[in-house]
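Input: a single structure, listed below in structure tokens.
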Amino acid sequence: MLKGACALGLLLALWGCAGERAPESSFVLLDGSTVSTQQLQGKVSLVNFWATSCTSCVAEMPELVSTYNKFKDRGYETVAVAMSYDPPSYVVNFAQSRQLPFKVAIDNTGGVARAWGDVKLTPTTFLVNKRGEVVKRFVGTPNFVELHQLIDKLLAES
């Protein structure tokens, strides 16, 4: 009986966030405007928590740019959320020097990271479907081949 309960617990833990609503949150973008999770509904969205001091985050950024450019014309959006400890001037410099084509937000208070499950590790990335449900959470750099396949599948859904 205990083995079955442990297996069920493990299965539920692995299933994790599939189908959960993305938290209601507003992202403050570098230009001072805001975008909310509600405004992202109807699009497949990638929400990436990162920091300029995170080597894995910096290393994956060209892949995030490539992914965005590949799917943006089909209703795909990316929001890169800089962690609260990241100096805003570093984030602005990074976004400008690398000409990031997607939305970049600064989580000054840490409230966005808390809303998304108290994100502490970077990079942490969430893929959200058109209905506003979290489909997948990645801690660390995603496998971009698998990510592209999943985005393609989600974009094809009505």
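These numbers come from the heavy atoms of this one structure, side chains and all, not from hydrogens, waters or symmetry mates.
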So, Thr37 side chain and Pro23 main chain: donor-acceptor pair closer than 3.5 Å or not?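 Between the backbone of Pro23 and the side chain of Thr37 there is a qualifying donor-acceptor contact (under 3.5 Å).
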
Donor-acceptor pair, Arg21 side chain versus Arg131 backbone, under 3.5 Å? yes

A side-chain contact here means heavy atoms from C-beta on lying under 4.5 Å apart; do [X] and [Y] qualify?
| X | Y | result |
| --- | --- | --- |
| Thr67 | Ile151 | yes |
| Lys136 | Phe126 | no |
| Leu100 | Val65 | yes |

Does atom CD (Glu157) have a neighbourhood of more than 12 heavy atoms from anything else shown, all under 6.0 Å? yes

Spatial distance of atom [atom1] ([X]) from atom [atom2] ([Y]) [nearest 0.5 Å]:
| X | Y | atom1 | atom2 | answer |
| --- | --- | --- | --- | --- |
| Met61 | Ser66 | CE | OG | 13.5 Å |
| Leu64 | Arg98 | CG | CZ | 12.5 Å |
| Lys103 | Leu46 | NZ | CG | 13.0 Å |
| Leu127 | Asn48 | CG | CG | 11.5 Å |
| Glu63 | Lys70 | CD | NZ | 10.0 Å |
| Thr52 | Tyr85 | OG1 | OH | 8.5 Å |

Which residue, Thr122, Val47, Val28, forms the side chain to side chain contact (heavy atoms under 4.5 Å, CB included) with Val81? Val47

Provide the closest heavy-atom pair for [X] versus [Y] in the form atom of the first, atom of the second, distance.
| X | Y | result |
| --- | --- | --- |
| Val134 | Ala22 | CG2-CA, 3.9 Å |
| Gly140 | Glu60 | O-OE1, 4.3 Å |
| Lys130 | Val44 | CG-CG2, 4.0 Å |
| Thr34 | Gln39 | O-OE1, 3.9 Å |
| Ser36 | Ser26 | CB-OG, 3.9 Å |
| Gly132 | Gln41 | CA-NE2, 3.9 Å |

Could you tell me whether the side chains of Asp107 and Ser84 share a donor-acceptor contact shorter than 3.5 Å?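 Ser84 and Asp107 do not have a side-chain donor-acceptor pair below 3.5 Å.
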
Derivation and outcome, side chain to side chain contact (heavy atoms under 4.5 Å, CB included), residues Asn69 and Tyr76: CA-CA 9 Å; Asn69 287 333; Tyr76 172 77; over 6 Å; no

Under the ring-ring contact (aromatic ring centres under 6.0 Å, His included) test, residues paired with Phe102 that sit two or more places apart: Tyr68

Is there any ring pair (Phe, Tyr, Trp, His ring centres under 6.0 Å) pair reaching into residues 131-158, and which pairs are they, with sequence neighbours excluded?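 Found Phe71-His148.
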
Determine, stepwise, if the pair Phe49 / Met83 fulfils side chain to side chain contact (heavy atoms under 4.5 Å, CB included). CA-CA 7 Å; Phe49 289 87; Met83 299 296 283; 4.0 Å; yes

Under-4.0 Å salt bridge between Glu77 and Lys72: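 Not counted as a salt bridge, because no side-chain N and carboxylate O are separated by less than 4.0 Å.
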
Can you give each donor-acceptor pair under 3.5 Å made by side-chain atoms of residues 89-96, sequence neighbours left out, with the distance rounded to 0.1 Å?
none

Whether Trp116 and Phe27 hold their rings parallel, tilted or perpendicular, with breakpoints at 30° and 60°: tilted

